[in-house]
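In what follows, a single structure is set out as structure tokens and then discussed.
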Amino acid sequence: MRITRITKPAEVQEVSVPDLSLLDPLITKYKGKKGNLIPLLQGTQELFGFIPAAAFEKISERTGIRLSDMYGVATFYAQFRLKPVGKHIIKVCHGTACHVQNANAITDSLKEALGVADGETTPDGLFTLESVACLGCCSLAPVMMIGSETYGKLTGGQAVKIVKNIRIQESN
Amino acid sequence: MQTTVTVGLGSCGVAAGAGKTYQKISAIRDAEHLDFILKKTSCIGMCYREPLVEVTDETGTYLYGDIDEEKALELIEKHINQHSPIREWVVQTDLFEASENDFAASQVKIALRNCGFIDPESIDEYEARRGYEAIRQIAASGTTREDVIQTVLDSGLRGRGGGGFPTGLKWRFAAGNASPEKYIICNADEGDPGAFMDRSLLEGDPHAVIEGMIIAAFAIGASGGVIYCRAEYPLAIKRLNIALEQARQKKYLGQQILGIEGFNFDVYIKEGAGAFVCGEETALIASVEGERGMPRKRPPFPAASGLWKKPTNINNVETFANIPWIILNGAAEYAKYGTEKSKGTKVFALAGKIKRSGLVEVPMGISIRDIIFKLGGGIQHDKKFKAVQLGGPSGGCIPEYLADTLVDYDSVNATGAIMGSGGMVVMDETTCMIDVAKFFLDFTQKESCGKCTFCRIGTKRMLEILTRITEGNGKEGDIELLEELAYQIKDNSLCGLGQTAPNPVLTTIRYFRDEYEAHINHKKCPAKVCKTLLTYEVIPDMCTGCMVCAKNCPVNAIDGERKQVHFIRQEDCIRCGDCFTRCKFEAIRVF
């Protein structure tokens, strides 16, 4: 449709092998401590932006935490990602206040503009579209957050424009 | 007296651009070598007028609203350099009538006593406003643990996280269980969408929460403390960490605190990983222990066997923030506010279709109508007030005709809603109540941890029924089926999430049954929200044939020549509403 022209043609995404040695300090810090599983996973995600399968295996081997337990925890909490994310994560707030101010229109417009579903990453690896529960900026509803920048009182069109501008900056 | 300029840098403010305003003012001050003190504070509560800048000079205090970079420039030039305040930008002051003066008038600030007044990153500023005086008083006067518990009990303070359980009683249980190791947990996992008072408190006055925890630790004899905070609140976590470090340096945390024999206590922050169910005490404990945050059967209650199977006391952020004030001012002073069974004040986060969204703290027993119309300034665009949602996904919708309900635990519970943590989302005539119920159920359905069958599967079935109603496939008997499922889920779930998940549906059925019937029987959405039930039509008398709608229709469903009346082909229309919003002549009708 109209807005799809801003989507670049799909590029083949290079899957880089993460440097697992980055995990060593983290493992040393938390190994053997009780209640360490969530901080370990949070630390891993901070390093790689997501939790690579190989990281699970390495942590399990070194700490003795069972893979099944790790997977159980990683899939339970909304924070953890098992797939790589785009360079920019677009968090569209779907809290109550944003919902009644039509946050769905924002997500719908972005879905159409980016050509991805909620939770997916664009093929060029530039954007990941996410719905989040509440960013706590209810007075500015509807709100979205890209990186550490928050955009308030949006319409679908404005949201698309903001994303479009980022894309133009990226291509320069 | 030296002039002070204070910029509100809470999350809301930063999102509205307060960071840039601060930098701008700082840059002008440095460039022009101006003589004023520039300070930071956190949420002032008036989120709807962010960025907020407060100027205090020899004549008084002026709070300016909507100060972007450009306005900041002018503000400094006029108010600081020329000593002439810009009256029309002032939103609140004691000196003259300003637009938002009444916003502050009916508030009583106890939990929020320092928010917007101090720099949250400075322990000195907290101490200057009687901070840590309560715990020093306890240490100096030889107050016993039992005295502290009795004071909290006498104050009538009830859990501000939503449960409303008397705080003193909870402390007494935990104090009564002898163990060399006990824990205090601060529940800062504010998961309710539409609620942000805990975030503002943590960002605005972290020391008050920490001092409350220290007093609780003294009262129950705890040695370890945990603040379980949402990872989505990075600013709160940052400021908490700063505050904890400062408290350690000043020996409010550590060994033999303030010389009290055997009182060792320290606190660390645990970042939650995003699970609504972790608001439930036992699930929260599981999460702190690094497990999946699933609740377990009670008893044993956490007061007997909690974190690492040791006696544990869990309170909410706002509850802790009240404690130092109560100790300092006495139980009777706190109990002066409120109603017979709900004492003190409550912080509410006003949001939704209300003119002044923000944070307010009011005495219990004020009516909902007063909060919305007196404090909140009424409904945006002066539309018709329809309902207010209290208590988030566990709460319910209170309709306009019950708006005189007083805000206290029992009166709110009687309506089918709950006080909850204090999120108040206001809805007007353009909000569809079935859509709202569906929204909450969609949330609880996703957040159900899956342990109890009725919660896991029941909420899913309810969501399916609601979805089909909003899509025009509702059937006779759907309302009854929803009710039947709702009561079964309430009765057969282990924790608060399942026991309260059906509340939004039950209250909307109770108060807005006609809307459900319109959806089911007439396939119409009276609030014009549910897309599939809408029809868009051109009003021939109004159409000028400008062709804007036809050109922009994403599915080319609009026919018509220039200067001729247009026509929407219903079979192709996807009801996106684009034509409706674009038409400058109000020639499109929705029904």
Side-chain angles (χ1 to χ4, degrees), chain A residues 1-3 30 33-43 45-46 65 69-80 91 93-105 108-109 112 131-141 143-145 148-153 155-157, chain B residues 11-12 14-16 47-48 50 190-196 199-200 230-234 270-276 278 287-294 308 349-353 356-358 389 392-393 423 425-428 430-431 435-436 439-440 443 446-447 449 552 554-555 576-577:
Chain A
M1 253 174 260
R2 264 173 298 141
I3 331 179
Y30 287 108
K33 287 201 182 150
K34 56 182 184 179
N36 60 3
L37 180 45
I38 293 175
L40 267 171
L41 294 176
Q42 283 171 332
Q45 179 151 302
E46 211 154 281
I65 302 172
D69 285 341
M70 293 177 67
Y71 189 72
V73 169
T75 50
F76 186 84
Y77 293 100
Q79 185 188 8
F80 298 119
K91 291 181 180 170
C93 180
H94 282 262
T96 319
C98 288
H99 180 78
V100 298
Q101 304 277 27
N102 208 2
N104 281 339
D108 288 347
S109 307
E112 194 186 319
S131 293
V132 295
C134 188
L135 295 169
C137 303
C138 309
S139 54
L140 301 171
V143 175
M144 73 170 178
M145 198 170 172
S148 55
E149 193 80 22
T150 312
Y151 304 88
K153 298 191 174 161
T155 63
Chain B
S11 275
C12 264
V14 174
C47 307
Y48 59 103
E50 295 277 13
E190 188 171 52
D192 286 14
F196 52 93
R199 191 208 68 205
S200 294
R230 284 181 81 187
E232 286 93 335
Y233 288 172
K270 172 92 188 110
E271 280 182 46
F276 179 66
C278 290
S287 183
V288 174
E289 291 174 349
E291 309 283 323
R292 285 164 70 97
M294 289 163 91
W308 312 117
L350 297 180
K353 308 219 169 163
R356 299 168 176 164
S357 48
Q389 213 282 341
V425 180
V426 177
M427 294 154 188
D428 67 11
T430 62
T431 313
D435 180 65
V436 169
F439 165 75
F440 282 118
F443 181 82
K446 278 182 194 146
E447 293 293 339
C449 78
N552 285 291
V555 287
C576 66

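All values derive from a computational prediction rather than experimental measurement. Note on naming: letters A, B, ... go to the chains in the order of the sequence lines (proteins, then strands), and numbering restarts at 1 for each one.
Both the backbone and the side chain of B:Ser287 have a heavy atom closer than 4.5 Å to some heavy atom of chain A. The contact between B:Val288 and chain A is made entirely by backbone atoms, counting heavy-atom distances below 4.5 Å. Neither the backbone nor the side chain of B:Asp428 comes within contact range of chain A; no heavy atoms are under 4.5 Å apart. Residue B:Arg356 does not touch chain A at all, counting heavy-atom pairs closer than 4.5 Å. With a 4.5 Å cut-off on non-hydrogen atoms, B:Arg199 touches chain A through its side chain but not through its backbone.
Note that the CD atom of B:Glu271 and the CD1 atom of A:Ile38 stand 11.0 Å from one another [nearest 0.5 Å]. The CD atom of B:Glu291 sits 7.0 Å away from atom CG of A:Asp69, with the distance rounded to the nearest 0.5 Å. One finds the OH atom of A:Tyr77 at 4.5 Å from the SG atom of B:Cys278 (value rounded to the nearest 0.5 Å).
Ranked by heavy-atom pairs shorter than 4.5 Å toward chain A, the options B:Ser357, B:Cys576, B:Ala273, B:Ala231 are led by B:Ala273. Ranked by heavy-atom pairs under 4.5 Å with chain B, the list A:Gly72, A:Pro39, A:Ala141 is led by A:Gly72. Looking only at heavy-atom pairs under 4.5 Å with chain A, the residue among B:Tyr233, B:Phe276, B:Phe196, B:Trp308 that has the most is B:Trp308.
Contact record, A:Ala97 with B:Ala351: CB-CB, 3.7 Å, taken as the closest heavy-atom pair. Heavy atoms only, all atoms of each residue included: B:Ala275 and A:Phe76 are closest at CB-CE2, 3.9 Å. Heavy-atom minimum distance, A:Val73 versus B:Gly290: CG2-O, 3.7 Å. Shortest non-hydrogen contact noted between B:Phe440 and A:Thr96 is CZ-CG2, 3.4 Å. The two residues A:Gln79 and B:Gly272 have their closest heavy-atom pair at OE1-O, 3.8 Å.
Atom NZ of B:Lys270 sits in a crowded spot, with more than 12 heavy atoms from other residues, nucleotides or ligands closer than 6.0 Å.
Using a 4.5 Å heavy-atom cutoff, the side chains of A:His94 and B:Phe443 are not in contact. No side-chain heavy atom of A:Val100 sits under 4.5 Å from any side-chain heavy atom of B:Gln389.
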